[in-house]
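Small disclaimer: the values here were computed from a predicted structure and weren't measured. Counting convention: from 1, in listed order, for ligands and their atoms alike.
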Amino acid sequence: MEEALNPTELRELAAEILSENDREGRYTIPTKGLYPFQWNWDSCLTALGWTYLDEDRAWREIETLFEHQWSDGMVPHIVFHEPDDGYFPGPEVWSTGRSVPTSGITQPPVAGFVLRRLYQRCADPEEIEERIEDLVDAVDRWHAWFFENRDPQREGLVSIIHPWEAGRDNSIDWDEAFERVPTEGITDYVRRDTEHANPAHRPTKAQYDRYLWLVEHFCSFGWDNSKLHDASPFRVVDPGFNAILIRSCFDLAALAEELEMDDVAQRNYAWARRGLEALENLWSDPHRQYLCQDRTTGQLIESTSIGGLLAVFAPIRLTRAQAIAHRIEQISEECRFSIPSHDPADSRFDAKRYWRGPVWLIINYMINDGLEAADLEESSTKIVDDSLELISSSGFAEYYDPKTGEACGGGRFTWTAAMVLEFLQDQ
Ligand code: GLC
């Protein structure tokens with residue numbers, strides 16, 4: 001292992017990674033080779049990092065993403081700004097028919113949270129008022145799209161209809177519901193991800209077949225979002241995803257209030273409060289955490305993943321936040337570095353395989369934020385310390401083995417660098 005880096009060196013390295021992954025001053029790719037386009041929640045979280053280097057650039061990152069919002073309000077998970085055949089599935093597979101191609105599914109809506117934070121940090125709020133108002137309207141339309149299209153029965157929480165939407169692509173949470181997705185008839189394909197990263201750290205071929213079946217299935221509906229929820233054999237209500245949406249609704253509402261955009265504020269407070277109430281249905285007393293719910297069967301899914309702990313990013317009641325802090329302590333006892341993306345006591349835990357065990361800094365960041373807001377400082381400090389230790393010993397990787405700290409997946413990773421800048425702000 002290399003010698004540990006000090007905070008100044010870490011900041012410099014993080015800034016270097018953001019700059020080298022910057023494209024035309026408009027958007028930041030997650031990493032060269034593996035992910036050569038703009039990803040939705042990567043960009044939003046990366047904007048937080050840009051605030052330390054160039055405030056205008058931070059706003060630009062989000063504006064570029066929202067330039068590609070669909071007319072129905074959806075914000076796609078990938079914007080294919082430039083052709084690049086190093087990534088699969090590319091624009092020809094998605095076939096969404098847009099002038100600048102995009103994918104046809106979405107990702108965790110963290111933009112509302114990020115906007116408020118950017119606004120709180122900005123040097124001259126008046127100067128950017130118009131800019132921010134446009135973004136507030138756009139995020140509001142995205143939130144409305146979620147409740148309209150992904151909660152057709154008005155239950156208060158939204159479903160994901162593809163594992164990629166959760167941003168936790170191969171989580172153990174999806175295994176059971178994924179069994180319902182067929183693989184017959186999919187077009188032959190060649191994966192590109194395994195050329196850039198160790199195949200043992202990536203999703204399996206069986207999972208990829210199902211990812212693609214869903215894409216082709218949705219494509220056959222002309223990407224009509226009013227039909228896709230009910231047409232999907234995969235519909236899961238993820239507490240982590242919903243916590244991000246609820247938090248973003250609250251933050252967007254608070255920001256809209258400051259800007260005297262009263263309709264937006266009221267709508268978003270209402271969605272947030274209803275969501276928070278409905279989230280309680282995902283709490284599991286025996287597991288002492290939230291669980292995913294399979295919306296096709298109505299059953300909770302027996303899988304103790306980080307998704308259920310990420311619920312603390314929303315302002316859940318204190319007793320729940322305390323229980324989550326306790327769970328994190330418990331599962332971290334079995335790992336050198338917190339927080340593993342899956343419970344190590346589960347036989348399905350896999351320390352190096354993507355979202356089935358490894359530590360991800362963006363998740364550590366959001367959980368830390370929620371614990372701090374609940375005044376659970378003791379638990380949150382360890383998360384920040386572990387995160388910085390991982391970076392200084394193993395570099396700016398996509399994710400890390402929680403037992404050994406080994407760097408996994410892609411290297412020189414943008415949102416990892418952005419999170420380091422965030423963690424270092426108080427140091
Ligand atoms: C992977 C991750 C997803 C992320 C993307 C780009 O697909 O699972 O969360 O947005 O890579 O970094």
Margin query: Need the ligand 1 atom indices (1-based, order shown) with element for anything under 4.0 Å from a heavy-atom of F413.
Written below: 12 (O)
Checklist line | Close approach, H77 and ligand 1, non-hydrogen under 4.0 angstrom | finding: no
Item checked: Given D175, D173, D343, the one that forms side chain to side chain donor-acceptor pair (under 3.5 Å) with S303 -> D173
Checklist line | Qualifying salt bridge (Lys or Arg N to Asp or Glu O under 4.0 Å) pairs, either residue in residues 71-84, two or more places apart | finding: none
Item checked: W355-ligand 1 polar pair, N/O distance under 3.5 Å -> yes
Margin query: Using 30° and 60° as the class boundaries, would you call the ring planes of F178 and Y211 parallel, tilted or perpendicular?
Written below: tilted
Margin query: Under 3.5 Å, is there a donor on one side chain and an acceptor on the other for R121 and T51?
Written below: yes
Notebook entry, point to check: What residue and atom, counting heavy atoms only, is the protein's closest point to atom 3 (C) of ligand 1, and at what distance?
Noted result: G167 O, 3.6 Å
Notebook entry, point to check: Just going by heavy-atom distances, which of W39, W164, F37 is nearest to atom 5 (C) of ligand 1?
Noted result: W39
Checklist line | Those atoms of ligand 1 less than 4.0 Å from some heavy atom in P30 | finding: 6 (C), 12 (O)
Notebook entry, point to check: What residue and heavy atom of the protein are closest to atom 12 (O) of ligand 1, and at what distance?
Noted result: D42 OD2, 2.7 Å
Next item on the list: Starting from atom 1 (C) of ligand 1, find the nearest protein heavy-atom neighbour and note its residue, name and distance.
Entry: Y354 OH, 2.9 Å
Next item on the list: Flag Y35 as yes when one of its N or O atoms lies below 3.5 Å from any N or O atom of ligand 1, and as no otherwise.
Entry: yes
Next item on the list: Name all residues meeting the salt bridge (Lys or Arg N to Asp or Glu O under 4.0 Å) criterion together with R273; count only those two or more places apart in sequence or in a different chain, and write none if there are none.
Entry: none
Next item on the list: Inspect the contact between E302 and R348 and indicate whether a charged nitrogen and a carboxylate oxygen are less than 4.0 angstrom apart.
Entry: no
Margin query: If we set the cut-off at 4.0 Å for heavy atoms, which region of W415 has an atom near ligand 1: side chain, backbone, both, or neither?
Written below: side chain
Next item on the list: Looking only at protein heavy atoms, identify the closest one to atom 8 (O) of ligand 1 and say how far it is in Å.
Entry: D169 OD1, 2.6 Å
Next item on the list: Indicate the ring-plane relationship of F313 and F113, choosing parallel, tilted or perpendicular according to the 30° and 60° boundaries.
Entry: perpendicular
Margin query: Do H143 and N268 pair up side chain to side chain, a donor and an acceptor below 3.5 Å, judged on atom types alone?
Written below: yes
